[in-house]
Q: 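Sending over a structure as structure tokens; questions will come in a sec.
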Amino acid sequence: MKGMRRLLNAAVLHRPTRLLYSAASKPATFMETYRSPPLLNYVQHDKLSFFRGQRRTMFIQTQSTPNPSSLMFYPGKPVMEVGSSDFPNARSAMNSPLAKALFGIDGVTRVFFGSDFVTVTKSDETTWDFLKPEIFAAIMDFSTSGQPLFLDSQAAAAKDTAINEDDSETVAMIKELLETRIRPSVQDDGGDIEYIGFDEETGIVKLKMQGACSGCPSSSVTLKSGIENMLMHYVPEVKAVEQEMDSEDEKAASSGYLE
């Protein structure tokens, strides 16, 4: 929850302890480091490379998020060169080989690409003990496949906070704050925010939560105590911040999962 703590000015440092586990009968080694939040490191070796006299290794770290159903996976190299990309369902992942492969794993309900991480959200019925090895393998397979992150070379993250010529001074200030002060903190928790719009008559800013922040039990706290307070402090024209939900979030809210 370092992102939300940064927004709420309540950062807490934790000292790590370490536990190692080696799966000798499998072509992979798991190395788990418990912190608060938990951190898991995964080393994958290509089986065929042993016969070629070479050894290809990929070191993947995972970190928990404020949303217990979401986990961040760090492949050790950049994921999105610019912006981020959210896949709320399997249908939206058809243009990305990696996202499509992750949705092919039983229990995966949402995928999100950040600058250097992939956030995966699972169903309540599935455990991380079952999903982690499958997700590690999918990321490793994609990394060695040579495939692009997106099949459509023109597909790029929407620059919702890009300042346009016709933006008012108020909208420009809101976008600048979202991009420089708020977005980095939210991404630390495995998610992102998308600027939807600002109603100058009511003073309401509409935002959409993505990745681990979408459907997170503490998203309302982040939205009100963090984002809303900051925007209202620096931009007096802002009177409130509201969350715009997609169909998946609305289903979660109707089931009582969202606060």
Q: Going by the rule side chain to side chain contact (heavy atoms under 4.5 Å, CB included), which residues pair with Ser123 if we only count those two or more places apart in sequence or in a different chain?
A: Thr109, Glu125, Thr126
Q: Taking the side chain as C-beta and beyond, is there a heavy-atom pair between Leu149 and Phe142 under 4.5 Å?
A: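 SC-SC contact between Leu149 and Phe142 confirmed.
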Q: How would you list, by chain and number, every residue that makes a side chain to side chain contact (heavy atoms under 4.5 Å, CB included) with Glu237, sequence neighbours excluded?
A: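 Here the qualifying residues are Thr170, Phe198, Val235.
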Q: For Ser143 and Lys77, what are the C-alpha separation, side-chain angles and deciding distance, and is it a side-chain hydrogen bond (donor to acceptor under 3.5 Å, both in side chains)?
A: CA-CA 10 Å; Ser143 178; Lys77 58 183 181 181; 2.8 Å; yes
Q: Specify the closest pair of heavy atoms between Leu178 and Pro184, including all atoms of both residues, with the distance to one decimal.
A: O-CD, 4.4 Å
Q: Mind checking what makes side chain to side chain contact (heavy atoms under 4.5 Å, CB included) contact with Met232, not counting sequence neighbours?
A: Glu228, Val238
Q: Can you find a pair of side-chain heavy atoms, one from Val205 and one from Ile174, that are under 4.5 Å apart?
A: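 Yes. Closest side-chain heavy atoms under 4.5 Å.
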Q: Among residues at least two apart in sequence or on other chains, which ones pass salt bridge (charged side-chain N to carboxylate O under 4.0 Å, His left out) with Asp167?
A: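 For Asp167 the salt bridge (charged side-chain N to carboxylate O under 4.0 Å, His left out) partners, ignoring immediate neighbours, are Lys175.
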Q: Would the number of heavy atoms belonging to other residues, nucleotides or ligands and lying under 6.0 Å from CG of Asp106 be above 12?
A: no
Q: Do NZ/NE/NH1/NH2 and the carboxylate oxygens of Asp86 and Lys208 come within less than 4.0 Å?
A: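 Salt bridge: no.
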Q: Report yes if the side chains of Leu98 and Val118 come closer than 4.5 Å at any heavy-atom pair, otherwise no.
A: yes
Q: The criterion is side chain to side chain contact (heavy atoms under 4.5 Å, CB included); which residues satisfy it with Lys239, sequence neighbours excluded?
A: none
Q: Residues in salt bridge (charged side-chain N to carboxylate O under 4.0 Å, His left out) with Glu242, at least two apart?
A: Lys206
Q: Using ring-ring contact (aromatic ring centres under 6.0 Å, His included) as the criterion, point out the one residue from Tyr74, Phe73, Trp128 that pairs with Phe136.
A: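 Of the listed residues Tyr74, Phe73, Trp128, the ring-ring contact (aromatic ring centres under 6.0 Å, His included) partner of Phe136 is Phe73.
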Q: Do Arg183 side-chain atoms and Ile193 backbone N/O form a donor-acceptor pair below 3.5 Å?
A: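 Yes, the answer is positive, given that a donor and an acceptor are paired below the 3.5 Å cut-off.
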